[in-house]
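Here is the structure we will look at, set down as structure tokens.
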Amino acid sequence: MLAAADAVVVGNTGPAHLAVAVGTPVVSLFAPVVPAVRWAPHGKHVLLGDQDAPCRGSRARECPVPGHPCLDSVDPATVVAAVAEVTV
């Protein structure tokens, strides 16, 4: 299914890595609880989310910051624009 997609929008690194492994571009809603330089996909991708949010580096499985500020700032239009960017 991932190989047949023009692009995927993911909120987890597992599906992101599977998608790039089959050559599918990724838009990653990436919480900075782990460093993007180590965990972001290595293929064609756009990384969205505030990488300087207060939760950065915490390795938290549940957001320790009320309101999820790292991802709440990502609006749908930004996601649509990112999909257009990776599918060019």
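Computation of the quantities below employed the complete heavy-atom set of this structure, encompassing side-chain atoms and omitting hydrogens, waters and symmetry-equivalent molecules. The first residue in the sequence is number 1, and the count goes up from there. It should be emphasised that the depicted structure is a prediction, and the values quoted were computed from it without experimental measurement.
Considering every non-hydrogen atom in both Phe30 and Gln51, the closest pair reads O-NE2, 2.7 Å.
Under the side-chain contact (heavy atoms from CB on, under 4.5 Å) criterion, Ala81 pairs with no residue, sequence neighbours left out. By the side chain to side chain donor-acceptor pair (under 3.5 Å) test, Asp52 is found to be paired with no residue, residues two or more places apart in sequence or in another chain being considered. Every residue was checked against the side-chain contact (heavy atoms from CB on, under 4.5 Å) condition with Arg61, not counting sequence neighbours, and none meets it. Residues that satisfy the side-chain contact (heavy atoms from CB on, under 4.5 Å) test with Val80, not counting sequence neighbours, are absent from this structure. Residues that satisfy the side chain to side chain donor-acceptor pair (under 3.5 Å) test with Thr78, not counting sequence neighbours, are Asp75. Residues forming a side-chain contact (heavy atoms from CB on, under 4.5 Å) with Cys55 (at least two apart in sequence, or on another chain): Pro32, Val33, Ala53, Ser58, Pro64, Val65, Cys70.
With side-chain heavy atoms closer than 4.5 Å counting as contact, directly or through intermediates, the hydrophobic cluster containing Val20 also holds Leu2, Val8, Val10, Leu18, Val22, Val26. Applying the under-4.5 Å side-chain rule to Ile, Leu, Val, Met, Phe, Trp and Tyr, the cluster around Val74 extends to Val9, Val27, Leu29, Val46, Leu48, Leu71, Val79, Val83, Val86.
Listed by first and then second residue, the side chain to side chain donor-acceptor pair (under 3.5 Å) pairs involving residues 10-28 amount to none (not counting sequence neighbours).
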